[in-house]
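One structure is given below, encoded as structure tokens.
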Amino acid sequence: MAKAQICDLQQHLEVTQNLAKKRKNDSMERSPLTDRKINVETVADSNKNQAQRSRLPQPSLKRMRLNTTVDNIDPAVVVKKSVCSAASASSKGVSSRPSIGVRSQYGVGLARAIHGTEARSRAVNCAATVAGVIGKKPRVAVTAPSIVQTAAVGSKKRPAWDLKGQLSDMKVQLGNMKTRVCEYTSKLEMSELQSRQLHESMDQRDKQLDAARAHINELQSNLKAVELLLKDREVELAKCQDENTAMQGVLENKLKMKEMELTQKVTCIEEQQSTIAEQRDMIVERDERLHCAEQERRRLHNTVQELKGNIRVICRVRPLLDSEREGLSEIQNVQFSASDEKVIILTKSEESHTGHDRKDEFKYDFSFDHVFQPIATQKDVFEDISQLVQSALDGYNVCIFAYGQTGSGKTFTMEGPDDMTCDTKGMIPRAVDQIFSTAQELKTMGWTYKFTASFLEIYNETIRDLLVTKPEKNVEYEIKLLNNKSKQLHVTNLKYVTVTMKDQVHNLIAMAKANRSVAKTAANDHSSRSHSVFQLQIEGSNSDRDLQCTSTLSLVDLAGSERLDKSQSKGDRLREAQAINTSLSCLGHVIMSLSSKESHIPYRNSKLTYLLQNNLGGNSKTLMFVNLSPLEENFSESLNSLRFANKVNNCVIGTAQVNRK
Ligand code: ADP
Ligand code: MG
């Protein structure tokens with residue numbers, strides 16, 4: 001038994017020596033750090049293998065542990081094995097479970113922690129770390145050669161009989177063994193400590209790994225959520241794309257419809273354009289016909305005027321004023337025919353020459369173009385003269401004047417009352433309104449007009465400009481022929497105002513009225529003893545047909561025709577009366593001369609006739625209002641007025657000519 005043990009020990013010694021030699025050789029090649037690494041278990045395994053190869057009896061594991069010396073261990077092999085083991089374990093992904101020692105723990109830990117290629121490299125690193133940790137404690141590796149040496153010394157061969165010596169050697173060996181066991185124990189403890197530290201480190205790593213896993217899980221769940229979201233979005237996108245496609249289809253349909261509509265409309269427009277062209281031709285044709293009709297109307301209008309006579313007379317009897325109604329319910333001495341609007345009868349009852357109780361009634365019948373009773377309105381009267389006003393735009397000179405005694409209603413008829421309203425405005429404002437509205441209508445037929453207004457009065461054979469509020473002193477107003485060819489008259493220094501709107505003319509009329517009434521207070525009802533003349537010069541042109549026409553519309557409010565008692569009149573009154581008489585009788589003479597077609601017409605005998613010569617001649621249309629007072633006391637003046645008017649009414653002056661170029 002002892003022999004066998006000794007043999008064993010010798011064998012071990014040889015093995016150890018070989019190993020030591022080998023180690024010595026190896027240490028030349030290996031790094032000192034690696035040399036120091038020792039694995040108890042690997043040593044044990046190595047021994048075991050050797051034992052298996054040996055024919056010697058196998059020591060038990062426990063014995064092996066006790067018997068195994070450090071000399072048997074090749075640190076390089078240990079480290080190499082440890083690393084390989086860890087790496088292979090990790091590469092397989094399975095934990096190799098060695099029976100004891102650090103390696104198993106590392107192996108398990110590493111295998112658990114590391115996967116794939118990355119895991120492999122991590123495992124290698126980890127093993128290296130472990131080796132490093134072990135390398136820090138090189139005590140065992142350093143002491144090993146000394147033990148080997150001791151064993152070598154102690155194995156000095158003793159004779160077979162020296163059992164005691166052998167025993168003591170064995171005791172020494174045992175002591176050595178014990179020492180080594182102690183060393184190994186302390187080393188084991190240290191390894192366990194390191195193992196624990198590694199455990200802790202691994203736990204930490206595990207925790208980190210868990211955290212990383214949790215993080216990965218979280219990221220994965222996030223990824224899933226994102227993927228879900230992405231899927232949702234994809235679904236939405238697909239839906240949107242579907243909708244878009246559908247919408248595109250709808251829009252394309254609509255577009256097609258619109259295009260069709262457009263095509264239809266274009267066709268329609270083309271049709272309409274051709275219709276318009278046709279209608280334009282028709283309009284041109286109609287314009288031509290209209291123009292011919294207009295010419296015909298003017299010709300017929302002129303014929304009617306001629307038939308009526310060139311000088312027309314309209315009689316108007318004013319109503320009783322409120323102040324005149326006292327004691328009188330109705331007009332006494334003026335009678336009208338119920339059936340004939342042209343007749344007026346003036347009656348006068350005088351004491352009969354045959355008997356004192358009887359009264360002879362005298363009747364004076366007159367017939368005019370129209371007799372307006374007191375109830376007639378301004379509108380009624382204007383309707384009768386509007387045709388004549390129309391003639392002014394057609395190129396005829398037109399003159400309308402009011403004749404009658406003071407207070408018979410001349411100014412009322414021509415201008416309107418002082419408190420004029422739309423209903424009561426007189427012939428002048430109405431004529432102006434009609435001129436402007438008709439001119440506007442004639443625009444459509446190519447006619448454009450220029451209007452020039454003037455307003456003057458003739459008092460005591462002197463002219464005064466009613467459109468100038470403060471006349472300059474010593475201003476001469478002379479009536480002159482503008483040129484011999486046109487025979488158009490012109491008053492020097494008179495204000496001629498170009499007017500484009502009727503309101504402008506109304507303002508001028510109002511100004512003239514105001515200027516006249518100023519004079520009225522200054523010269524004791526001066527207006528009744530002066531003639532006022534409003535003139536509107538009309539110049540028309542039709543560029544389409546190259547036509548021009550000029551005319552003058554004259555509207556005259558004559559001075560009172562009453563005869564003054566010459567025996568009682570003196571000074572200014574006498575001169576006034578003479579002037580009025582002269583001008584009015586001149587007017588009568590001119591009309592009579594025209595009527596009897598005398599070679600010389602005495603226009604120059606008064607300023608009035610001289611100014612109105614173009615409006616009283618054969619080339620003009622004249623209308624006279626004879627205004628009558630309804631009062632019996634004015635009978636003789638009314639009779640005189642009617643007689644004068646009758647003379648004028650019986651005049652046939654001749655055919656008026658249109659002033660056309
Ligand atoms: P004349 O100008 O001839 O002197 P007016 O025109 O001044 O006369 O008239 C005298 C008065 O009679 C004025 O108060 C006027 O308002 C009034 N009058 C004249 N004609 C009419 C009429 N047709 N209707 C109502 N009042 C009238
Ligand atoms: Mg008057």
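Side chains are part of it too, since the values below use all heavy atoms of this structure and drop only hydrogens, waters and symmetry mates. In each ligand, atom 1 is the first atom listed, and ligand 1 is the first ligand listed.
The Mg ion (ligand 2) has T411 among its coordinating residues (N/O/S atom, backbone or side chain, under 2.8 Å).
Each of the atoms 3 (O) of ligand 1 lies under 4.0 Å from some heavy atom of Q405. Ligand-side atoms of ligand 1 in range of R316: 23 (N), range being under 4.0 angstrom from any heavy atom. Atoms of ligand 1 lying under 4.0 Å from any heavy atom of T406, numbered from 1 in the order shown and given with element: 4 (O).
The shortest N or O to N or O distance between T411 and ligand 1 is below 3.5 Å. Where the criterion is an N or O separation shorter than 3.5 Å, residue side chain and backbone included, P417 fails it with respect to ligand 1. Checked against a 3.5 angstrom limit, the closest N/O atoms of K410 and ligand 1 fall inside it.
Judged by distance alone, the side chains of N615 and S620 never bring a donor and an acceptor atom under 3.5 Å apart. If you check the side chains of T492 and E478, you find no donor sitting under 3.5 Å from an acceptor. Judged by distance alone, the side chains of T421 and T424 do bring a donor and an acceptor atom under 3.5 Å apart. A donor and an acceptor atom, one from each side chain of T413 and R316, are located under 3.5 Å apart.
Looking only at heavy atoms of the protein, atom 12 (O) of ligand 1 is closest to L321 CD2, 3.4 Å. Of all protein heavy atoms, the one closest to atom 4 (O) of ligand 1 is G407 N, 2.7 Å. Counting protein heavy atoms only, atom 22 (C) of ligand 1 is closest to P319 CD, 3.2 Å. Protein heavy atom in closest approach to atom 8 (O) of ligand 1: G409 N, 3.1 Å.
For the pair K502 and F436, the cation-pi criterion (under 6.0 Å, within 45° of the ring axis) is not fulfilled.
Residue W447 forms a side-chain contact (heavy atoms from CB on, under 4.5 Å) with just one option from L442, T438, D544, and that option is L442.
Nearest-heavy-atom check against atom 18 (N) of ligand 1 across F625, F372, Y403, F412 picks out F412.
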Q) Yes or no on side-chain hydrogen bond (donor to acceptor under 3.5 Å, both in side chains) for N627 and S408, after CA distance, side-chain angles and deciding distance? A) CA-CA 5 Å; N627 289 93; S408 61; 5.1 Å; no
(Q) Assess the residue pair Q387 and S391 against the criterion (side-chain hydrogen bond (donor to acceptor under 3.5 Å, both in side chains)); give the C-alpha distance rounded to whole Å, side-chain angles, the decisive distance to 0.1 Å, and a yes or no. (A) CA-CA 6 Å; Q387 292 271 312; S391 295; over 6 Å; no
